[in-house]
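Reviewing the structure listed below.
Sequence lines set the chain letters: A, B, ... in the order given, protein chains first and strands last, and positions in each chain run from 1. Treat the numbers as computed from the prediction; the structure is a model and nothing was measured.
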Protein chains: 2
Amino acid sequence: MRGRPTTYDSDAVVLKAQEVFWEKGYSATSLQDLQTATQMGSGSLYNTFRGGKKELFSKALQQRREAFLAFKQEMKQHPAPIELIKDFFRSLAEADEHTHMKGCIVANTVTALAFVDNDLEAEAVGILKDVERMFTDTIREAQRSGTITNPADAAVLGRYLITCWNGLNVTRRMHPNKEKMKELIGIQLSILA
Amino acid sequence: MRGRPTTYDSDAVVLKAQEVFWEKGYSATSLQDLQTATQMGSGSLYNTFRGGKKELFSKALQQRREAFLAFKQEMKQHPAPIELIKDFFRSLAEADEHTHMKGCIVANTVTALAFVDNDLEAEAVGILKDVERMFTDTIREAQRSGTITNPADAAVLGRYLITCWNGLNVTRRMHPNKEKMKELIGIQLSILA
DNA sequence: CAATTTTTGTAATGATCATTACAAAAATAT
DNA sequence: ATATTTTTGTAATGATCATTACAAAAATTG
């Protein structure tokens, strides 16, 4: 018995929810907001995501995690992975104002939910740590190959890079401006040498 | 006619409110939370802060602004202000875990309220820009006196420093650990040379 | 002490919150 | 076609939301 088939594409629904969560954050997003964004009634919504708002947010976070894993895959077949990372940072400056104002949903979650929802906060921290690990591994390899001359511990430099990312996601809201962001990122990356 | 005098100290009340807001953020903090923390009933609370929750949060932000202005004053009579800034960063590493998890209420506000409350977000951005300006001015002076050898534009280095601050306030929640934070801050400051 | 002013505590307000209940609708399988 | 299964829309749930109304309490001033 198959029963009535779903008319909603779960991935697309999570993506719509992700957009709302990204802008307003977990606490300020109401189920009404989510129903409007996804065009789902509460019946379908709770039937699809029995965990309610929290499960939907978790799925949205995991969707960002997938995006990161895709980037990591792309990097594996690149001749100079560290250049891809640098380019990723530099491309940040080219974003439009709205993108600047949104920041990073993962970092947003870490700052907003530490004393509100431990599970979701831990999930977000986990993603950022994965990114940090990728930075560290890439830097270690670039040091071996001589692409990076800074001899500091790769783990510290990786932590430095994720901190650059975290910082940019606040500062870009203070200065959603291409030129200012470009200069800033240039200084940040200059440390790798 | 004087009328019945207030039994609540407004500054102390705002401080209590600030503590709750700092941990849970604007959206996730309920008036019930604020009444519990301040030991005020809704009658007194709305009599004292006619603007309700929003005015109370604004006052809490301004209280942080005052703390910053006090630091700036202290700096003025210091022989080497840039050293005070470096020490401020280095002292971050010594914080206890709970302090690490709280981060910075001003940066928290910028990330959480951009699409929720424009006024409060703008207020927070204003404070961060004031801090950035202080960084820039101090760096410019340190360059003149030769305390800092990095010849980059002081405005860019100031923007770099506020971005370090913003980044640390996320990363310290990933790694609320003295040793890791110490190494990280060391690398960040090494750029000033 | 009486008039006045302000604070305070309690109760009520209507709105919105996340979630559930449930029956009608729409599909499949026999 | 009928039984079965699942989705869907609507309505209702009780809780909590921020805020207001209001009268009693507590102070000052004359």
Side-chain angles (χ1 to χ4, degrees), chain A residues 1-14 16-61 109 112-113 115-121, chain B residues 1-14 16-61 109 112-113 115-121:
Chain A
M1 295 288 163
R2 208 87 292 245
R4 182 174 172 173
T6 320
T7 66
Y8 299 111
D9 173 25
S10 181
D11 274 1
V13 164
V14 172
K16 279 294 176 191
Q18 185 199 107
E19 290 170 12
V20 186
F21 280 134
W22 201 326
E23 290 193 357
K24 318 226 304 182
Y26 183 70
S27 299
T29 299
S30 69
L31 250 97
Q32 193 57 252
D33 292 331
L34 294 169
Q35 289 176 220
T36 304
T38 61
Q39 296 282 48
M40 279 174 105
S42 55
S44 305
L45 223 156
Y46 275 91
N47 184 58
T48 313
F49 308 99
R50 250 157 298 177
K53 189 182 172 181
K54 184 165 175 172
E55 181 186 342
L56 203 34
F57 190 86
S58 174
K59 290 253 162 71
L61 271 186
T109 301
L113 298 191
F115 295 90
V116 176
D117 190 301
N118 239 289
D119 303 326
L120 294 175
E121 197 252 354
Chain B
M1 295 287 167
R2 211 81 296 241
R4 178 175 176 175
T6 320
T7 66
Y8 298 111
D9 173 25
S10 181
D11 274 0
V13 164
V14 172
K16 279 293 177 193
Q18 185 198 109
E19 290 171 11
V20 186
F21 280 134
W22 200 328
E23 290 194 356
K24 317 224 306 179
Y26 183 70
S27 299
T29 299
S30 69
L31 250 97
Q32 192 57 252
D33 292 332
L34 294 169
Q35 291 181 44
T36 304
T38 61
Q39 295 282 46
M40 280 173 105
S42 55
S44 306
L45 222 156
Y46 276 90
N47 184 59
T48 313
F49 309 98
R50 251 158 296 178
K53 188 182 173 181
K54 185 166 174 171
E55 181 185 342
L56 203 34
F57 189 86
S58 174
K59 290 254 163 69
L61 272 186
T109 302
L113 298 191
F115 294 89
V116 176
D117 191 302
N118 239 290
D119 303 327
L120 295 174
E121 196 252 354

Select one nucleotide: of [options], the one nearest the side-chain heavy atoms of [X].
X        : options                  : answer
Gln32(A) : dT19(D), dT8(D), dC17(C) : dC17(C)
Ser42(B) : dG9(C), dA18(C), dA11(C) : dA11(C)
Ser44(A) : dT8(C), dT19(C), dT8(D)  : dT8(D)

* State whether a side-chain donor-acceptor pair under 3.5 Å links Ser30(A) with Asp33(A). => yes
Tell me the interatomic distance from [X], atom [atom1], to [N], atom [atom2], rounded to whole angstroms.
X        : N       : atom1 : atom2 : value
Met40(A) : dT7(D)  : CE    : P     : 10 Å
Asn47(B) : dA18(D) : CG    : C1'   : 17 Å
Gln35(B) : dC17(D) : CD    : P     : 10 Å
Leu34(A) : dC17(C) : CG    : C1'   : 12 Å
Arg50(B) : dT8(C)  : CZ    : P     : 13 Å
Leu45(B) : dA21(D) : CG    : P     : 17 Å
Lys24(A) : dT16(C) : NZ    : C1'   : 12 Å
Leu31(B) : dT16(C) : CG    : P     : 17 Å

If only atom types and distance count, is the side chain of [X] paired as donor or acceptor with the main-chain N or O of [Y] below 3.5 Å?
X        : Y        : result
Lys53(B) : Leu34(B) : no
Ser58(A) : Lys54(A) : no
Glu55(A) : Arg50(A) : yes

* Nearest-nucleotide 5' precedence on DNA chain D, Gly43(B) against Lys53(B) -> Lys53(B)
* Asked: Does the side chain of Tyr46(B) get closer than 4.0 angstrom to OP1 or OP2 of dT19(D) through an N or O atom?
  -> yes
* Indicate whether OP1 or OP2 belonging to dC17(D) is found under 4.0 Å from a side-chain N or O atom of Ser30(B). => yes
* Structure fact -> The Watson-Crick or G-U wobble partner of dC22(C), with both key distances under 3.5 Å, is dG9(D)
* **pair Leu31(A)-Tyr46(A): side-chain heavy atoms closer than 4.5 Å** => yes
* Report yes if a donor N or O on one partner sits less than 3.5 Å from an acceptor N or O on the other, where the partners are the side chain of Thr29(A) and the base of dA18(C); otherwise report no. => no
